[in-house]
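Here's the structure we're looking at; comments come further down.
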2 protein chains.
Amino acid sequence: MSLTPSPAHEALAANAADACAYDAGASMPARHARRFVLDLQLPLRHAGIRSVVVRGEWLGPVDAPLVVVAGGISANRHVAAGPGNAEAGWWEAQVGPGRAIDTRRLRVLAIDWLGADGGLDAPIDSADQADVLACVLDRLGVDRVAAFVGASYGAMVGLQFAARHGARLDRLVAISGAHRPHPYASAWRALQRQCVALGRSEGGVSQGLALARQWAMLSYRTPEEFADRFDAPAVLDGGVARCAAQDYLESCGRRYAARWTSTAFLRLSESIDLHRVDPADVRVPTTVVAIEQDRLVPLSDLQALVESLGGPSRLCVLRSRFGHDAFLKEEVAVDALLREALAACTGGAA
Amino acid sequence: MSLTPSPAHEALAANAADACAYDAGASMPARHARRFVLDLQLPLRHAGIRSVVVRGEWLGPVDAPLVVVAGGISANRHVAAGPGNAEAGWWEAQVGPGRAIDTRRLRVLAIDWLGADGGLDAPIDSADQADVLACVLDRLGVDRVAAFVGASYGAMVGLQFAARHGARLDRLVAISGAHRPHPYASAWRALQRQCVALGRSEGGVSQGLALARQWAMLSYRTPEEFADRFDAPAVLDGGVARCAAQDYLESCGRRYAARWTSTAFLRLSESIDLHRVDPADVRVPTTVVAIEQDRLVPLSDLQALVESLGGPSRLCVLRSRFGHDAFLKEEVAVDALLREALAACTGGAA
């Protein structure tokens, strides 16, 4: 495995630190705002300089230590309900008043992924996402990040942020994301993208996207969970067998296809496969969390990551029948490890 | 899990023993023939009485003990090269002169699966396949089967044959096939069938079938093998990321789509999900072989099978980075266990 970037990438990486030189110059949003939209111009690693719109959301006291929270490719800026948006967010169990990421004592920042709005049809990678975040922090007038808590793709971007912008970061919590994609998981995603491509080429965009999401759901969960939930024989329905899990999976696929564009899915899925970080470049204190049953990010890859990180690190291993989705489902176990990992942010035990 | 057949199935099952009453009455082929084609009329469990054509192949001495050999849903009657067909078969490593299934001392019979020619677009299950085999044996004038050696779908059909026609069977070797499909594996296959359906509905039949085969390949192999073979970063090709395993998978998909029809794939894939056997009905001595890394047929399901079989049994567990495909790839280990399991067929150690 080579972790050496190509010369073209080197040149762009060298520009990343002053990427905000390309800032389109919109007026700085108040740090007191609960939501913001920024127009940025950014040098992307594979796609040149692009104008992009970045949407973000704040929670917690303005002057509290800042924690960046980032989830999977289908997560977004709305992490938890708050004064500006009462709707439930994607990580309610961990973020809010009194939660492990305690919005009474921490300032929480989250942004939508670059590419999530479907407006950018070009290769995007995790380093682009880390540079976007750095640029956003500059524009918001934020110097230091007390912690980056990332899960799944968010963990990959957290590792990139630590490697590329570590000087402004105090600690990283990386859950179920490694320094590289596993080759089997990459193949799985490549076939998901082919489902979308088949739908697109034949006029069934939404069907292809829904099918890709169903395949993704299989990778996020485990045989153990399916055995618990769907242990019923197949039935014949209109002369065709229908398996017990199909209703569930199809509903996941339909809901996803109603909310996402195929371009956003293709570019964010691809972004995972373009991800590479040299662990030695990550020198901030790092907590790596692995799920023993994770079918996308094997424990062995996270062991290899921890062994080669450039700074102090530790590995926490959870067992969960939810596999890769444990960060969303194992609320108690994740709460406990986040409290421990973040205790130092507010100067003591939670 | 209910293993009780529906009343309709009961009625058909009761007919199965005299299924050959529906025999179309073609003249009996010589038992000396190397290949045969039979026209049969059969009561199918989900599709009523159907006229079907069954193709088979013989190897070995005419009067030697008979061994039935059956593989996965994409295997066929041509198990190994022989006097009638010099082309390599799908199980050359195990079948032939001096091999574990020794064609100098055993008579080997294999047939094409019902549905494999794409001419039968109706639900088929493993009990139908077992009944087809019983009917073929009647037509060929064969009373006893010294051993049924089945792998993958062949193991499921072997269990059905033992349950439904055990009186004529001496022993069963069931490799990587259980008494029921695992719910996660069923979901995996249901999504493969949706790939075909997406292609069909949108005019890309061959693309859909090739994509389904790529997903099947992922299920047959393991992350460990992919990590060994495909540990190279994704590359951008025409503005789209291409992962290291894609050439291999696409070539598997294309080759499959050139040889198979979508109807054959859909009906045989579905047939796995319609499979159920009550292990207590299997009373012949049975050797069950499990692969610890098998992602389709988990070791735990084969442990459960062995614990509830109705006759003497034993479980052999292999470790293999080839997962479900170990029966094709782990030639030495499979040779050893087949020799041991079949020693009694010829009255002694191999």
Side-chain angles (χ1 to χ4, degrees), chain A residues 1-3 46-47 121-123 180-191 193-195 198-199 201-204 207-208 211 214-215 218 221-234 236 239-246 248-250 266 270-271 273-274 276 295 298 300, chain B residues 1-3 46-47 121-123 180-191 193-195 198-199 201-204 207-208 211 214-215 218 221-227 229-234 236 239-246 248-250 266 270-271 273-274 276 295 298 300-301:
Chain A
M1 171 175 72
S2 164
L3 288 164
H46 308 287
D121 192 9
R180 57 147 210 180
H182 190 281
Y184 187 88
S186 289
W188 195 299
R189 279 184 295 269
L191 295 189
R193 296 195 292 274
Q194 280 192 44
C195 288
L198 178 61
S201 69
E202 308 296 345
Q207 292 90 323
L211 182 52
Q214 294 187 65
W215 281 113
L218 266 199
R221 300 303 176 84
T222 68
E224 293 75 14
E225 189 210 2
F226 273 55
D228 288 348
R229 291 176 65 181
F230 303 117
D231 188 15
L236 286 171
V240 175
R242 201 165 164 80
C243 300
Q246 280 187 255
Y248 164 72
L249 289 171
E250 285 173 13
L266 290 172
E270 171 184 84
S271 175
D273 294 318
L274 292 171
R276 294 265 155 165
R295 291 169 85 79
S300 54
Chain B
M1 171 177 74
S2 164
L3 288 163
H46 309 286
D121 193 8
R180 56 147 210 180
H182 190 282
Y184 187 89
S186 289
W188 197 314
R189 280 183 295 268
L191 295 188
R193 297 195 292 273
Q194 280 192 44
C195 288
L198 178 62
S201 70
E202 308 297 347
Q207 293 90 324
L211 182 51
Q214 293 185 67
W215 281 112
L218 269 197
R221 299 301 175 85
T222 68
E224 293 74 14
E225 189 209 1
F226 273 56
R229 290 177 65 181
F230 303 117
D231 189 14
L236 286 171
V240 176
R242 202 167 163 79
C243 300
Q246 280 186 254
Y248 163 70
L249 289 172
E250 286 173 13
L266 290 171
E270 172 184 84
S271 175
D273 294 320
L274 292 172
R276 293 263 155 166
R295 292 169 86 79
S300 54
D301 276 10

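What you see is a predicted model, and the numbers here were worked out from it, not measured in a lab. Throughout, protein chains are lettered first and strands after them, A, B, ... in sequence-line order, and every chain is numbered starting at 1. Just so it is clear, the values below take in all heavy atoms, side chains as well, and ignore hydrogens, waters and symmetry mates.
For B:Arg189, no part lies under 4.5 angstrom from a heavy atom of chain A. Only the backbone of A:Arg221 comes within less than 4.5 Å of a heavy atom in chain B; its side chain stays farther off. Only the backbone of B:Thr222 comes within less than 4.5 Å of a heavy atom of chain A; no side-chain atom from C-beta onward does. In this structure, no portion of B:Ala122 lies under 4.5 Å from any heavy atom of chain A. When heavy atoms are compared at a cutoff of 4.5 Å, B:Leu249 approaches chain A solely by way of its side chain, counted from C-beta outward. For chain A, the nearby parts of B:Gln214 are the backbone and the side chain; heavy atoms of each come within less than 4.5 Å.
Note on B:Gln194, B:Glu225, B:Glu250: by heavy-atom pairs under 4.5 Å with chain A, the leading option is B:Gln194. Per-residue heavy-atom pair counts under 4.5 Å with chain B were compared for A:Ala185, A:Ala227, A:Gly208, and the maximum is reached by A:Ala227. Heavy-atom pairs under 4.5 Å with chain A peak, among B:Phe230, B:Phe226, B:Tyr248, B:Trp215, at B:Trp215. The choice from A:Leu218, A:Val240, A:Asp273, A:Leu266 that makes the most heavy-atom pairs within less than 4.5 Å of chain B is A:Leu218.
Looking at every heavy atom in both residues, A:Ala187 comes nearest to B:Ala245 through CB-CB, 4.0 Å. Nearest heavy-atom pair, B:Cys243 versus A:Ala190, reported as atom, atom and distance to 0.1 Å: SG-CB, 4.3 Å. Heavy-atom minimum distance, B:Arg276 versus A:Pro233: NH2-CA, 3.5 Å.
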Candidate pair B:Leu236 and A:Leu274, rule side-chain contact (heavy atoms from CB on, under 4.5 Å), full reasoning: CA-CA 9 Å; B:Leu236 286 171; A:Leu274 292 171; 4.2 Å; yes
